[in-house]
Amino acid sequence: MRRRRIAILISGRGSNSATLMAAARSTEFPGEVVLVMSNRPEAEGLARAREAGIATGVVDHTSYNDRESFDEALHAMLEAHAVDVVCLAGFMRVLTDAFVERWAGRMINIHPSLLPLFRGTKTHQRALDAGVLVHGCTVHFVVPELDAGPIIAQAAIPVVPGDTAEALSARVLAQEHLLYPRALQMVCDGSATLVGERVVFAGSWAPTGSMRSPD
Ligand code: GAR
């Protein structure tokens, strides 16, 4: 099977982007990262991509008058790099429905909570405020509704007495770095596909500890 051409969209630090680039460096991985793109020119993750010898791009949202023209520019850059799969990795812009629909089944996101709990921002503090005993992260296909797409993989961690948002965030991030490459692999090799509003699992997918279990 042809290796999928992957673009990673970031807005900041880019630690998830770095783990995806590292995983996809292996020729065994069913995809290769061909572009790391940011809406913020100063995003740290761009430098990491350059160091790894990966093409980078900036579509600065402050240069566009509306979301439609920003998303058009984003789409054009993805097309120019013949991208098959888009990974949102700390990309903090809301995308238009039209853009999301163009990439339906080919765009995934990582979110720092066990969705459908705690969509949006400040997930770790909200988890603490809600008193949940289990927290974690989710990789899902992107649909127009924010953080609401069909779930590909999740990892859970316990919330412990005395936890702070910072401590939880660090422990969840460590799980994100394990989960996202595995989920991307499943999308690239076709073992997780979006069919209607559900994810269908097949092929080489093998459940692991904190991964979603089969029915
Ligand atoms: C990650 O924790 C990611 O889950 C989160 O932003 C962080 C980016 O870190 N994404 C969202 O909150 C999206 N709603 P990174 O830049 O180091 O990968």
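Order of listing sets the numbers, starting from 1, for every ligand and every atom in it.
Here the closest heavy-atom approach between residue L146 and residue V94 is recorded as CD1-CG2, 4.5 Å. V33 approaches A24 most closely through the heavy-atom pair CG2-CB, 3.9 Å.
Residue pairs meeting the side chain to side chain donor-acceptor pair (under 3.5 Å) criterion with at least one member in residues 163-173, sequence neighbours excluded, are D163-R171. Within the structure, side chain to side chain donor-acceptor pair (under 3.5 Å) pairs that include any residue of residues 127-143 comprise N109-H140, H124-H135, Q125-D129, T138-Q154 (at least two apart or interchain).
A heavy-atom distance below 4.5 Å is found between the side chains of F201 and M186.
Protein residues lining ligand 1, listed by chain and number: R13, G14, S15, N16, G90, M92, I110, H111, P112, L173, E176 [non-hydrogen atoms, distance under 4.0 Å].
Every residue was checked against the side chain to side chain donor-acceptor pair (under 3.5 Å) condition with N65, not counting sequence neighbours, and none meets it.
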